[in-house]
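Presented below is the structure to which this report refers.
Throughout, a chain's letter reflects where its sequence line sits, starting with A, and its residues are numbered from 1.
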Amino acid sequence: KQEVTQIPAALSVPEGENLVLNCSFTDSAIYNLQWFRQDPGKGLTSLLLIQSSQREQTSGRLNASLDKSSGRSTLYIAASQPGDSATYLCAVLFSGAGSYQLTFGKGTKLSVIP
Amino acid sequence: GAGVSQTPSNKVTEKGKYVELRCDPISGHTALYWYRQSLGQGPEFLIYFQGTGAADDSGLPNDRFFAVRPEGSVSTLKIQRTERGDSAVYLCASSPTGGSGETQYFGPGTRLLVL
């Protein structure tokens with residue numbers, strides 16, 4: 001079964017720290033990997049999408065890396081701010097699935113303390 | 001332009017009742033997806049539409065769940081004989097053509113509570 005795992009489940013850091021969120025997946029045959037942000041009671045906001053041929057993507061203070069062979073991705077957040085507090089979800093589009101359904105991890109709940 | 005919208009935002013119903021959840025995708029997007037998110041879990045895939053047809057309904061949990069997209073835009077997820085275990089947030093997403101390199105854009109979700 002194709003699965004996505006995110007560690008840790010929750011993370012608390014003081015404002016200004018750099019941090020890394022981890023995502024692992026069980027099958028290296030993927031089309032792409034996406035990182036989303038979810039605020040309480042809200043839908044998902046796409047942060048970064050990395051195609052299978054890419055190694056990383058950057059947007060502002062966010063940098064996502066992809067290592068297909070080891071089945072890992074990381075989301076790096078620089079100079080964290082209280083407004084970054086949210087749940088971060090990793091989602092993989094596996095190429096063997098037969099359709100374009102995303103498989104999600106359970107998320108990492110991030111709290112940035114002022 | 002407008003994003004994906006979903007109505008209602010919240011729905012409370014009694015066990016055994018029928019409910020309909022509506023999704024308005026981004027205008028012009030031919031691909032539409034339904035996911036279900038239970039408390040503390042990531043979203044789980046339910047069904048994928050390409051235009052008017054369900055290209056993949058492998059995530060629907062049983063035959064009480066059904067979805068339609070008759071004109072290739074708005075979609076309705078229908079749940080018959082609701083059970084308490086159906087309580088979750090139902091998320092809809094759309095993408096331009098359903099290609100493997102596209103971002104899926106999500107709506108705010110419908111929070112369904114079955115009493």
Checked Pro43(B), Gly98(B), Gly107(B) vs chain A; the most non-hydrogen pairs under 4.5 Å come from Pro43(B)
Okay, Leu102(A) and chain B: the region with an atom under 4.5 Å from a heavy atom over there is both
Bottom line for Gln38(A): the part with an atom under 4.5 Å from chain B's heavy atoms is side chain
So CG of Leu46(B) and CD of Gln101(A): to nearest 0.5 Å the spacing works out to 10.0 Å
The reported gap from CZ in Phe36(A) to OG1 in Thr103(B) (rounded to nearest 0.5 angstrom) is 7.0 Å
What about [X] and [Y], same hydrophobic cluster or not, with Ile/Leu/Val/Met/Phe/Trp/Tyr joined at side-chain heavy-atom distances under 4.5 Å?
| X | Y | result |
| --- | --- | --- |
| Val19(B) | Leu60(B) | yes |
| Phe25(A) | Tyr88(A) | yes |
| Tyr105(B) | Leu32(B) | no |
| Ile47(B) | Tyr33(B) | no |
| Leu21(B) | Val114(B) | yes |

Listed by number, the residues in residues 65-94 of chain B that come under 4.5 Å of chain A (heavy atom to heavy atom) are Leu91(B)
**OP:** Please indicate whether Leu39(B) has more than 12 foreign heavy atoms, meaning atoms of other residues, nucleotides or ligands, lying under 6.0 Å from its CG.
**Re:** no
Heavy atoms of Gln104(B) and Gln34(A) approach each other most closely as N-OE1, 3.7 Å
In terms of heavy-atom contacts, Tyr35(B) and Tyr100(A) come closest through OH-O, 4.4 Å
query: What about the rings of Phe45(B) and Phe104(A), do their centers lie closer together than 6.0 Å?
result: no
Within residues 41-73 of chain A, the residues sitting under 4.5 Å from chain B by heavy atom, in sequence order, are Gly41(A), Lys42(A), Gly43(A), Leu44(A), Ser46(A), Leu49(A), Gln51(A)
Problem set entry | Asn32(A) side chain to Ser100(B) backbone, donor-acceptor under 3.5 Å | yes
Output yes when a side-chain donor or acceptor of Glu44(B) lies under 3.5 Å from a complementary backbone atom of Thr103(A), and no otherwise.
no
Applying a strict 4.5 Å limit to non-hydrogen atoms, the region of Gln37(B) in contact with chain A is side chain
